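What follows is a single structure, written as structure tokens, with notes after it.
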Amino acid sequence: MLQVPFIRENKALVIERLAKRNIDANQMITDVIVFDEERRQIQTELDNTLAESNSLSKEIGNLYKSGEAQKANLLKEKTTQLKQVSKELTEALNNKSEALKELLYKIPNIPNEVVPRGNSELDNEEIFKEGDIPVLHEGALPHWELAKKYDIIDFELGNKIAGAGFPVYKGKGARLQRALIAYFLDKNTGAGYTEYQLPHMVNEASGIGTGQLPDKEGQMYHITEDNLYLIPTAEVPGTNIFRDVVLNESELPVGITGYTPCFRREAGSYGAHVRGLNRLHQFDKVEIIRVEHPSKSYEALDGMVSHVKDILKELKLPYRILRLCGGDTSFASALTYDFEVFSTAQDRWLEISSISNFETFQANRLKLRFKNSEGKNELAHTLNGSSLALPRVLAGILENYQTENGIEIPKVLQPYTGFNIID
RNA sequence: GGAGAAAUGGCAGAGUGGUCGAAUGCGGCAGUCUUGAAAACUGUUGAGGGUCACACCUCCGGGGGUUCGAAUCCCUCUUUCUCCGCCA
């Protein structure tokens with residue numbers, strides 16, 4: 001959620017930046033400013049009414065004490081009137097605040113200066129590329145066929161037990177998953193992140209805190225009986241650790257990491273692009289989350305990017321980094337870098353990590369602040385990124401490491417898997 | 001799931017209708033003393049909004065109500081604790 005004072009003081013800039021997302025925000029931003037103006041005016045009126053009412057009540061108390069009940073009763077009539085006025089004002093204030101809030105919930109974060117204007121993935125900028133694309137042997141297979149051939153992932157079985165998009169990992173496939181999780185977590189804790197195990201369901205307040213609710217309700221599985229949501233990413237429980245928290249400046253930066261399964265409804269997805277592990281309802285992911293001082297958050301973003309680069313380099317997977325255009329940058333993000341690994345057998349790039357700086361957008365909703373050097377509470381910056389999303393890394397490994405004799409295991413993973421080939 | 005108790009400032013813990021944003025203790029901060037530290041003593045110390053600064057408003061788990069006036073009374077929700085049941 002954008003901050004109203006910022007909008008008020010930077011109206012033109014906000015509109016201009018939102019245009020990078022191809023949004024004409026003129027009307028919305030004008031409304032925000034007007035609503036806020038009205039809201040504050042009502043607030044002032046209400047405050048004054050309450051102040052008068054309070055002082056009269058005190059007076060009444062004193063009059064009763066000194067036995068002047070008659071005078072007191074006279075004043076009572078006045079306070080009764082004031083009460084009616086303040087009731088109406090309170091209602092007006094609530095309506096106005098609610099309208100303002102609803103409006104603010106609809107406005108996405110303003111993209112950073114460097115974000116290119118654009119609509120779709122076609123407008124994303126490739127900013128880095130590394131790793132050689134292997135030349136595969138004759139008859140190389142896409143990962144879903146490899147999965148079948150070596151009996152390591154069973155899509156039909158998952159379909160039977162739960163439905164499409166819930167694969168079952170078996171044998172060396174399951175072990176490879178576990179190895180990846182352990183390896184990622186070790187890399188992250190090695191880089192200073194604290195490991196967490198988080199709830200896989202969250203309440204409504206958490207969904208609102210990180211921006212999934214109220215707008216993107218349909219993307220999460222909702223357990224209506226208990227009004228809980230299955231997490232679409234560890235970002236939700238992880239970032240909500242800091243909801244309603246005031247940190248000391250000296251506690252910054254905070255870095256946490258956690259492995260969780262992620263659940264996504266992916267309503268409306270279908271076709272060849274969702275084959276195999278490409279798009280699932282349940283998948284595993286290791287996430288990194290940072291809380292940063294506003295002056296350090298972009299440095300931190302760069303740090304996260306090189307951290308993930310390092311992992312992909314160790315895995316020896318060909319990958320590239322994209323700077324997302326405005327239209328492709330997620331609702332809450334100001335700047336997002338996507339990592340994509342090349343799926344050789346499918347001949348396409350697969351997104352495996354998305355690293356974003358949300359600046360104060362989430363912090364404003366979360367009320368995540370720190371005491372700055374002046375002793376004032378200031379909104380912190382939040383960032384997060386995947387390190388990494390498992391299925392597509394797995395797809396990348398299966399496809400890029402396949403040989404005629406089987407699928408080789410990247411060197412760094414062998415201590416975790418306990419085997420060096422899937423055959 | 002059943003029965004009971006509770007929820008107050010960073011923590012502990014008073015407060016059962018008006019002068020309570022809240023005693024007291026601990027902790028924190030500043031100072032005195034000290035070569036320095038500790039101890040002792042003195043002062044200070046919740047949050048949000050609002051203002052140039054004051055004033056002023058809001059907040060005693062959340063929401064609603066009674067009353068001129070609520071931390072205090074009523075309703076409701078949530079959470080925690082104890083006992084019983086169940087259970088990985």
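Order of the sequence lines sets the chain letters (A, B, ...), proteins ahead of strands, with each chain counted from 1. Small disclaimer: the values here were computed from a predicted structure and weren't measured.
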Below 3.5 Å between N/O atoms, which protein atoms pair up with nucleotides 69-75 of chain B? Just atom names and distances, please.
from	atom 1	to	atom 2	distance (Å)
rG69(B)	O4'	Ser57(A)	OG	3.3

*asked:* Below 4.0 angstrom, which residues in residues 95-107 of chain A have at least one non-hydrogen atom near RNA chain B?
replied: none
*Return the nucleotide paired to rG85(B): Watson-Crick means purine N1 to pyrimidine N3 with N6-O4 or O6-N4, wobble means G-U with N1-O2 and O6-N3, both under 3.5 Å.*
none
_Flag for Asn73(A)-Glu77(A): side-chain donor and acceptor within less than 3.5 Å_ = no
*asked:* Between rC86(B) and rG18(B), how far apart are the two P atoms, rounded to whole Å?
replied: 49 Å
*When rounded to the nearest Å, what value does the distance between P atoms of rU34(B) and rU44(B) take?*
24 Å
*Please give the nucleotide sitting opposite rU80(B) as a Watson-Crick or G-U wobble pair, both distances under 3.5 Å, or none.*
rA5(B)
*Mapping Val246(A) and Ala51(A) onto RNA chain B by nearest heavy atom, which one lands closer to the 5' end?*
Val246(A)
*Using the six-membered ring wherever Trp is involved, compare the ring planes of Phe339(A) and Tyr319(A) and label them parallel, tilted or perpendicular (cut-offs 30° and 60°).*
parallel
_Comparing Asn94(A) and Lys58(A) on RNA chain B - which has the more 5′ nearest nucleotide_ = Lys58(A)
_Let me confirm one number: the OG-CG distance from Ser330(A) to Asp338(A), rounded to the nearest 0.5 Å._
9.0 Å
*asked:* Would you measure the distance from the C1' atom in rA6(B) across to the matching atom in rG65(B) and give it in whole Å?
replied: 22 Å
*d(CG, Leu89(A); C1', rC57(B)) in whole Å*: 13 Å
*P atom, rA23(B) versus rG46(B): distance in rounded Å?*
10 Å
*In whole angstrom, give the distance that lies between atom NZ of Lys87(A) and atom C1' of rG64(B).*
11 Å
*Identity of whatever pairs with rC20(B) - Watson-Crick or G-U, under 3.5 angstrom*: none
*Mind checking the P distance from rA71(B) to rU16(B)? Whole angstroms is fine.*
13 Å
*Considering residues at least two apart in sequence or located in another chain, which fulfil the salt bridge (Lys or Arg N to Asp or Glu O under 4.0 Å) criterion with Glu121(A)?*
none
*So, the side chain of Asn364(A) versus the backbone of Thr360(A): is there a donor-acceptor pair under 3.5 Å, distance only?*
no
*asked:* Only pairs with both distances under 3.5 Å count, Watson-Crick or wobble alike; so what is the partner of rA47(B) in this structure?
replied: rU58(B)
*What is the distance, rounded to the nearest whole Å, between atom CG of Leu75(A) and atom P of rU67(B)?*
18 Å
_cation_pi(Lys172(A), Phe419(A)) dist<6.0 Å, angle<=45_ = yes
*Would you kindly say whether Ser333(A) and Asn109(A) are connected by a side-chain donor-acceptor distance under 3.5 Å?*
no
*Expressed in whole Å, how much space separates the C1' atoms belonging to rG9(B) and rU58(B)?*
16 Å
*With rounding to whole Å, what would you report as the distance between rU72(B) and rU66(B) at their C1' atoms?*
13 Å
_Distance in angstrom units between Ile42(A) CD1 and rU58(B) C1', rounded_ = 17 Å
Return the polar atom pairs (N/O with N/O) between nucleotides 49-54 of chain B and the protein under 3.5 Å, or none.
none

*Considering every strand shown, what is the Watson-Crick or G-U wobble mate of rC26(B) when both distances are under 3.5 Å?*
rG10(B)
*For the pair His281(A) and Tyr221(A), name the ring-plane relationship: parallel under 30°, tilted 30 to 60°, perpendicular over 60°.*
perpendicular
*Calculate the interatomic distance between Tyr64(A) atom OH and rU67(B) atom P; express it in whole Å.*
13 Å
*Does Asn124(A) use its side chain to pair, donor to acceptor, with the backbone of Cys325(A) at less than 3.5 Å?*
yes
_Suppose you measure atom P in rU45(B) against the same atom in rG25(B); what distance do you get, rounded to whole Å?_
15 Å
*Given that both distances must come in under 3.5 Å, which nucleotide forms a Watson-Crick or G-U wobble pair with rA53(B)?*
none
_Ignoring hydrogens and geometry beyond distance, is a side-chain donor-acceptor pair present between Gln362(A) and Thr382(A) at under 3.5 Å?_
yes
*For Ser343(A) and Glu399(A), does a side-chain donor sit closer than 3.5 Å to a side-chain acceptor?*
yes
Atom pairs, protein N/O to nucleotides 44-47 of chain B N/O, distance under 3.5 Å:
from	atom 1	to	atom 2	distance (Å)
rA47(B)	O3'	Asn377(A)	ND2	3.3

*Euclidean distance, Thr80(A) OG1 relative to Lys76(A) NZ, rounded to 0.5 Å*: 8.5 Å
*Could you check which nucleotide pairs with rA37(B) in any of the strands shown, counting Watson-Crick or G-U wobble with both distances under 3.5 Å?*
none
*OP1 or OP2 of rU58(B) sitting under 4.0 Å from any side-chain N/O of Asn54(A)?*
yes
*Can you tell which of Pro261(A), Ser386(A), Pro232(A) makes a side-chain contact (heavy atoms from CB on, under 4.5 Å) with Lys285(A)?*
Ser386(A)
*Value in whole Å for how far the P atom of rA55(B) lies from CD of Glu52(A)*: 19 Å
*Describe the nucleic acid contact of Leu50(A) in one word from base, sugar-phosphate, nothing, applying a heavy-atom distance below 4.0 Å.*
sugar-phosphate
*Identified side-chain contact (heavy atoms from CB on, under 4.5 Å) partner of His143(A) from the options Leu394(A), Asn278(A), Ile153(A)*: Asn278(A)
*Rounded to the nearest Å, what distance is computed from the CG atom of residue Leu82(A) to the C1' atom of nucleotide rC68(B)?*
10 Å
*Please check if atom NZ in Lys71(A) has more than 12 non-hydrogen atoms from other residues, nucleotides or ligands closer than 6.0 Å.*
no
*Applying salt bridge (Lys or Arg N to Asp or Glu O under 4.0 Å), name anything that partners Lys313(A), two or more places apart in sequence or on another chain.*
Glu130(A)
*For Leu56(A) and rC56(B), give me the distance from atom CG to atom P, rounded to whole Å.*
14 Å
